[in-house]
Amino acid sequence: MNTRYKDIIGQIYREVKALPADGNVADYIPALANVDPEQFGIAIATIDGEVIGVGDYQSKFSIQSISKVFTLAMVIRHMGDRLWRHVGKEPSGTAFNSLVQLEWENGIPRNPFINAGALVVTDKLMSLYSHPKEAILKFVREAARTDDIYYDKNVAVSELEHGSRNQALGYFMKSFNNIDNDVDSLLDVYCHQCGITMTCEELARSFLFLANHGINPHSGEQILSVSQAKRLNALMLTCGFYDESGEFAFRVGMPGKSGVGGGIVALIPGQLSIAVWSPRLNKYGNSNLGIETLERFTTYSGISIF
Ligand code: GLU
């Protein structure tokens, strides 16, 4: 990797770390409330196999909604366009866990990255795989090129115990026949996928297939077709940051996905993937310093998808 990126993320790390602390860690899932808010890491992985990082880039954290990208990839590689009968492709303009649109739109969630849409995707995944939790871990491990990726049971259980809102979404969609499996089993799988812990380095590596036209650059395996990878990136650009997706596209201009654990992964097709972690969130549920970092990254490096 050129030393240019190394210098750029070193500079950004120093600048962003010096900014005033703003925002709070997610506390609606009690197990996430105990995370040290000062942790901060950045990692870049290129499609030619290099990785660089700075700060806490090798510390594990809860990937939360970033997992929705993995499950979506697993489902569309099997179902293709049939999935879009059950979930839309439009930004929602509402919070990630909102119920309001669902009634108007007959139980079809706006997109696969709000919680309702992710529940539909995980429901389809459960119908495709007889051991869905094992299948998800296998997929993520292969994408990240390491077996050292696990579910954090504490986070999964904590989320299950405080998951009334997600339960409501599941049952509500089931009333519209848009959920096939039992809702309790669905929530169990969903809360586990959100409770996967990974490092910035592992996350950056695991998104490289999306930066490489659907092909895992390490194994050469075609995980998604070129068109499916393009579409998944388009969805991340338009819907990857909850109700702040337009602002993120405007300020940063990369397809990406955030999670309430404070992680963000974004990518430049044909080049690289970058992961940032800082647990303090803004009012939309996105990492404050994560967005600052990525905005500076595209500005200082001059790379862009546009
Ligand atoms: N597990 C979280 C939830 O369902 C995911 C939220 C997120 O990262 O957006 O509330």
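Note that the coordinates shown come from a computational prediction; the quantities given were computed from them, not determined experimentally. Whatever order the structure lists them in is the order used to number ligands and atoms, beginning at 1.
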Short N or O distance, Tyr28 and ligand 1, threshold 3.5 Å exclusive | yes
Does Val260 reach ligand 1 with a nitrogen or oxygen that is under 3.5 Å from one of the ligand's nitrogen or oxygen atoms?
-> yes
Nearest protein heavy atom with distance in Å, relative to [atom]:
| atom | answer |
| --- | --- |
| atom 1 (N) of ligand 1 | Glu159 OE2, 2.3 Å |
| atom 7 (C) of ligand 1 | Ser65 OG, 2.6 Å |
| atom 4 (O) of ligand 1 | Tyr190 OH, 2.7 Å |
| atom 5 (C) of ligand 1 | Gln64 OE1, 3.3 Å |

Does the [X] side chain pair with the main chain of [Y], one donor and one acceptor, at a distance under 3.5 Å?
| X | Y | result |
| --- | --- | --- |
| Arg141 | Ile149 | yes |
| Gln193 | Thr71 | no |
| Glu247 | Glu244 | no |

Applying the 4.5 Å side-chain criterion to the ILVMFWY set and letting contacts propagate, would Leu72 and Leu169 be lumped into a single cluster?
-> yes
Region of Arg165 that comes within reach of ligand 1 [heavy atoms, distance under 4.0 Å] | neither
Answer with side chain, backbone, both or neither: which part of Ile66 has a heavy atom less than 4.0 angstrom from an atom of ligand 1?
->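 Ile66 to ligand 1: no contact under 4.0 Å from either part.
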Given the rule in the ring-ring contact (aromatic ring centres under 6.0 Å, His included) test, do Tyr300 and Tyr5 qualify, once you have shown the distances and angles that lead to the verdict?
-> CA-CA 10 Å; Tyr300 297 172; Tyr5 287 144; over 10 Å; no
Should you measure from each heavy atom of [X], which atoms of ligand 1 turn up under 4.0 Å away?
| X | value |
| --- | --- |
| Asn166 | 3 (C), 4 (O), 10 (O) |
| Asn115 | 3 (C), 4 (O), 10 (O) |
| Tyr242 | 7 (C), 8 (O), 9 (O) |
| Gly259 | 8 (O) |

Does the pair Arg280/Glu38 count as a salt bridge with the N-to-O cut at 4.0 Å?
-> yes
Under 6.0 Å from the six-membered ring centre of Tyr242 and within 45° of its axis: does the NZ or CZ of Lys257 meet both?
-> yes
Where do Ser278 and Asn288 land on the side-chain hydrogen bond (donor to acceptor under 3.5 Å, both in side chains) test, with the steps shown first?
-> CA-CA 8 Å; Ser278 163; Asn288 258 325; over 6 Å; no
